[in-house]
Amino acid sequence: MNHWLRAVLAMCVAMFAVPAAFAQDVTLTGAGASFPYPFYSKLFSEYNKMRPGVKINYSSVGSGAGIKQISDKSIDFGASDAPMSDAQLKSAQGELLHIPMTLGAVVPIYNVPGVNKPLVFSGSVLADVFRGKITAWNDPAIVSMNPGVKLPDAGITVV
C-alpha cells in the first residue's frame, strides 16, 4: 500500500475509531458527492481489512442528497463537493464538522493550431472563456499571460 493511502487510512482510523471491544457488527453509513466515491470505496475496503467488524457503506447520490441526509441525521457522515453554507449548517439537526477528505482539479485542455508551448490561464480568464466574454485565442487577456507566444486570430470553441 503506498504512503498517501496509509496516511489517509490513518486519518480515517482516527476519524472512525471504534474500540476493539465494540468492533463487532458496527456499520457506518454515508452518502453524498460522486467525485470521492472511487477513493472512498478503496479506503473503506482497506479499513475493513484492518477492522473486519466495521462496515462502512457509502452511497454516491450527489452532494445535495448527502447534505440533506446528514442534516436530517439519516446517515452517519455526508460528503459534498463544497462545504455547507452557514444557513445549511444552522438548519441541520445537531452540530456538524467539515473534514476535507479529497481534492480534485479541473484542467483546461485546448488545441490551438501553431501553438506548441503550454499556455497560461488565470481563473478569471478561464471563467470569461466559458462565459463567452473571451471568444478568440488572441484576446488581449490571453496574450498578456503568454508573452512570446504567437496566438492566432481564431475563435475559441468550448466543448
Side-chain angles (χ1 to χ4, degrees), residues 1-112 118-135 137 139 141-142 145-146 156-159:
M1 189 178 340
N2 61 32
H3 297 296
W4 72 266
L5 187 56
R6 285 180 195 211
V8 173
L9 279 171
M11 181 174 71
C12 284
V13 168
M15 197 169 97
F16 297 117
V18 178
F22 300 106
Q24 301 304 313
D25 300 323
V26 173
T27 300
L28 296 171
T29 303
S34 59
F35 172 78
Y37 176 74
F39 170 70
Y40 289 162
S41 180
K42 178 69 173 170
L43 185 72
F44 299 152
S45 172
E46 293 298 319
Y47 185 82
N48 182 251
K49 289 176 187 174
M50 296 183 324
R51 289 278 179 89
V54 179
K55 305 282 188 261
I56 305 173
N57 299 317
Y58 181 78
S59 296
S60 176
V61 293
S63 295
I67 289 172
K68 180 186 178 310
Q69 292 178 40
I70 193 65
S71 294
D72 65 20
K73 291 191 166 194
S74 60
I75 55 176
D76 300 305
F77 66 97
S80 174
D81 292 329
M84 292 170 62
S85 68
D86 289 342
Q88 289 170 320
L89 287 169
K90 193 174 193 177
S91 68
Q93 297 177 21
E95 183 180 0
L96 298 177
L97 300 174
H98 286 144
I99 301 171
M101 293 292 292
T102 60
L103 177 69
V106 176
V107 179
I109 298 172
Y110 54 87
N111 181 9
V112 185
L119 296 178
V120 175
F121 302 96
S122 67
S124 61
V125 166
L126 282 174
D128 285 346
V129 168
F130 283 102
R131 281 185 259 207
K133 288 184 173 183
I134 294 177
T135 59
W137 287 108
D139 184 282
I142 299 174
M145 298 187 77
N146 295 280
I156 297 173
T157 302
V158 176
V159 182

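Side-chain contact check for Q69 versus I67: every heavy-atom pair is 4.5 Å or farther apart.
When every heavy atom of S34 is checked against every heavy atom of P38, the shortest pair comes out as O-CD, 3.9 Å. Of all heavy-atom pairs spanning V61 and G66, the tightest one is CG2-N, 4.3 Å. Residues T27 and N57 approach most closely at CG2-ND2, 3.4 Å, considering heavy atoms. Pairing each heavy atom of H98 with each of M84, the nearest pair is NE2-N, 3.1 Å.
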Output, in order, the C-alpha distance, side-chain angles, deciding distance and verdict of side-chain contact (heavy atoms from CB on, under 4.5 Å) for L43 and Y47.
-> CA-CA 6 Å; L43 185 72; Y47 185 82; 5.8 Å; no
Which is it for N48 and M50 under the side-chain contact (heavy atoms from CB on, under 4.5 Å) test, yes or no, and what are the steps along the way?
-> CA-CA 5 Å; N48 182 251; M50 296 183 324; over 6 Å; no
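In F130, the CZ atom is not crowded: 12 or fewer heavy atoms of neighbouring residues, nucleotides or ligands sit closer than 6.0 Å.
Rounding to the nearest 0.5 Å gives a distance of 8.0 Å between CZ of F77 and CE of M101. Within the model, atoms CD1 of I70 and CD of Q93 stand 10.5 Å from one another, a figure rounded to the nearest 0.5 Å. For the atom pair OG of S60 and CZ of F35, the computed distance is 11.5 Å after rounding to the nearest 0.5 Å. Here CZ of F121 is found 5.5 Å from CD1 of I142. Values are rounded to the nearest 0.5 Å. Going from atom CD1 of I156 over to atom CH2 of W137 covers 4.5 Å, rounded to the nearest 0.5 Å. Distance check: I56 CD1 to L28 CG gives 5.5 Å after rounding to the nearest 0.5 Å.
A donor-acceptor pair under 3.5 Å is absent between the side-chain atoms of S80 and the main chain of P83, judged by distance alone. In this structure, D128 contributes its side chain and I134 its backbone to no donor-acceptor pair below 3.5 Å. Within the 3.5 Å criterion, the main-chain N or O of G132 finds no donor-acceptor partner in the side chain of T135. S45 contributes no side-chain N or O that, together with a main-chain N or O of S41, makes up a donor-acceptor pair within less than 3.5 Å. Between the side chain of Q88 and the backbone N or O of S85 there is at least one donor-acceptor pair closer than 3.5 Å.
Relative orientation of the Y58 and Y37 rings is parallel, given thresholds of 30° and 60° on the angle between their planes.
Counting only residues at least two apart or on different chains, the salt bridge (Lys or Arg N to Asp or Glu O under 4.0 Å) pairs with a member in residues 52-81 are K68-D72.
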